[in-house]
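Bear in mind the structure is a predicted one, so any value in this text is a computation, not a measurement. Counting starts at 1 for both ligands and their atoms, in listed order. Atoms considered below: every heavy atom in the structure, side chains included; atoms not considered: hydrogens, waters and symmetry mates.
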Amino acid sequence: MMNRRFLIFITLAFVGALQIISLFADKELHLKEVYAGMFDMGAAIPAQLANSKEAKLLTDHFSVVTPENCMKPEPLHPSEKEYRFASADKFIDFAQKNNLKVNAHTLVWHIQTPEWFFKDGEQTASRELLLSRMKEHISHVCSHFAGKVATWDVVNEALDDKGEFLRKSKWKTILGEDYIYEAFLAAEKADPHAELYYNDYNIDLPEKREKAIKLIRLLKSKNVKLNGIGIQGHWTLDVSLKNIEDSIVAFHNEGLKVMITELDLDVVPRSFVTTDVGTKLTAPDLYPKECPPEILEKQAQVYSQLFALFRKHRDKISRVTFWGLHDGNSWLNKWPNPRTSHPLLWDRELNPKSAFFKVVGFTN
Ligand code: GLA
């Protein structure tokens with residue numbers, strides 16, 4: 001009798017345990033929950049997502065969004081007297097309804113900025129004219145979105161890739177070095193509550209890191225508000241973790257929040273280091289049908305190492321943002337030329353890739 005009861009008890013306990021195990025096994029892991037308490041998880045997305053499946057993927061895994069294009073000067077301010085806010089307003093509305101913080105991007109950049117800024121009739125605009133236009137743009141745009149965006153990438157990609165300190169953009173050529181200071185000042189005035197960031201690519205590399213530090217010190221010496229710096233993170237599988245770590249530590253030591261702002265891991269090796277979207281380059285379309293499993297495994301390993309590094313520096317990193325949501329909507333399908341890219345954590349059917357499981361599972 002005793003034995004029968006014991007047997008029933010054991011069987012029930014076993015079934016119960018199995019149910020609990022399967023409950024946990026079924027529980028989907030979400031990036032933003034797994035990384036809660038370490039840093040925010042973000043994604044850059046188009047003004048409108050393609051469908052509700054994409055929206056669910058986004059809201060399940062991310063708590064911050066960056067607009068890929070709709071808040072850049074070109075779409076927002078196509079001619080001097082005309083602002084077009086409709087698309088960006090919709091984007092903000094979607095973010096608010098879905099409880100997503102907005103990292104607005106970007107006010108001053110050398111690309112996707114209309115030519116009229118730099119012209120006075122047939123002539124090049126004077127310093128005075130361009131400065132007043134830049135300030136007006138920043139003031140109008142920042143005031144329009146004040147209270148609705150948490151943070152601004154104020155200046156994007158101002159550092160030079162070669163020997164100079166600053167890139168020889170029209171901003172720099174016409175306004176001189178302190179245009180960056182003026183931009184931050186105008187942003188602070190127009191939206192005193194937003195955090196203000198500088199954002200650039202290749203600042204994980206030692207030479208450009210030094211220029212970033214020089215810029216940070218210059219801005220700090222003028223007491224302008226600069227809360228953080230974004231390391232873009234358009235990397236390939238051979239990226240140097242040591243360089244990234246050195247930059248995270250160096251920028252933190254300058255008193256800034258550090259963010260990885262445009263993360264993607266291209267599986268196609270590049271013969272170039274720049275990810276300047278304005279540069280003419282080519283990359284082969286190596287995996288037009290599907291990416292070989294061993295390459296996806298290698299990508300998963302690199303993602304895993306990157307996130308181990310980010311976790312190690314969780315006290316310094318405030319956000320990690322992917323540039324795109326899934327392989328199908330990555331900019332790397334178009335840049336530097338049309339091809340089929342595989343750089344993110346979800347594939348074209350929105351299925352999680354091996355990299356996703358390593359990132360959420362903290363595994364190697
Ligand atoms: C740069 C810019 C982004 C975006 C990406 C790729 O890194 O900062 O706004 O254009 O390139 O699309």
> In terms of ring plane angle, is the pair Phe356 and His61 parallel, tilted or perpendicular, where the classes change at 30° and 60°?
Replying inline: perpendicular
> In terms of the angle between their ring planes, are Tyr35 and Phe362 parallel, tilted or perpendicular, with boundaries placed at 30° and 60°?
Replying inline: tilted
> Relative to the ring of Phe117, is the ring of His77 parallel (under 30°), tilted (30 to 60°) or perpendicular (over 60°)?
Replying inline: perpendicular
> Quick one: which ligand 1 atoms are inside 4.0 Å of a heavy atom on Asn156?
Replying inline: 2 (C), 8 (O)
> Purely on distance, is any nitrogen or oxygen of His105 under 3.5 Å from one on ligand 1?
Replying inline: yes
> Would you call Asp200-Lys211 a salt bridge at under 4.0 Å N-O?
Replying inline: no
>> Given Lys72, His234, Glu68, identify the one with the heavy atom nearest to atom 10 (O) of ligand 1.
In response: Lys72
>> Please confirm whether Trp323 approaches ligand 1 to less than 4.0 Å, judged on its heavy atoms.
In response: yes
> Heavy-atom contacts under 4.0 Å between Trp335 and ligand 1: side chain, backbone, both, or neither?
Replying inline: neither
> Of the listed options (Gln232, Glu262, Gln112, Glu157), which comes nearest to atom 5 (C) of ligand 1 when hydrogens are ignored and any heavy atom counts?
Replying inline: Glu262
>> Side chain, backbone, both or neither: which applies to Tyr201 and ligand 1 if a contact is any heavy-atom pair less than 4.0 Å apart?
In response: neither
> Is the Phe322 ring parallel, tilted or perpendicular to the Tyr303 ring (thresholds 30°, 60°)?
Replying inline: tilted
>> Within the structure, is a non-hydrogen atom of Val277 found at a distance of less than 4.0 Å from ligand 1?
In response: yes
> Is the count of non-hydrogen atoms from other residues, nucleotides or ligands lying under 6.0 Å from Glu128 atom CD greater than 12?
Replying inline: no
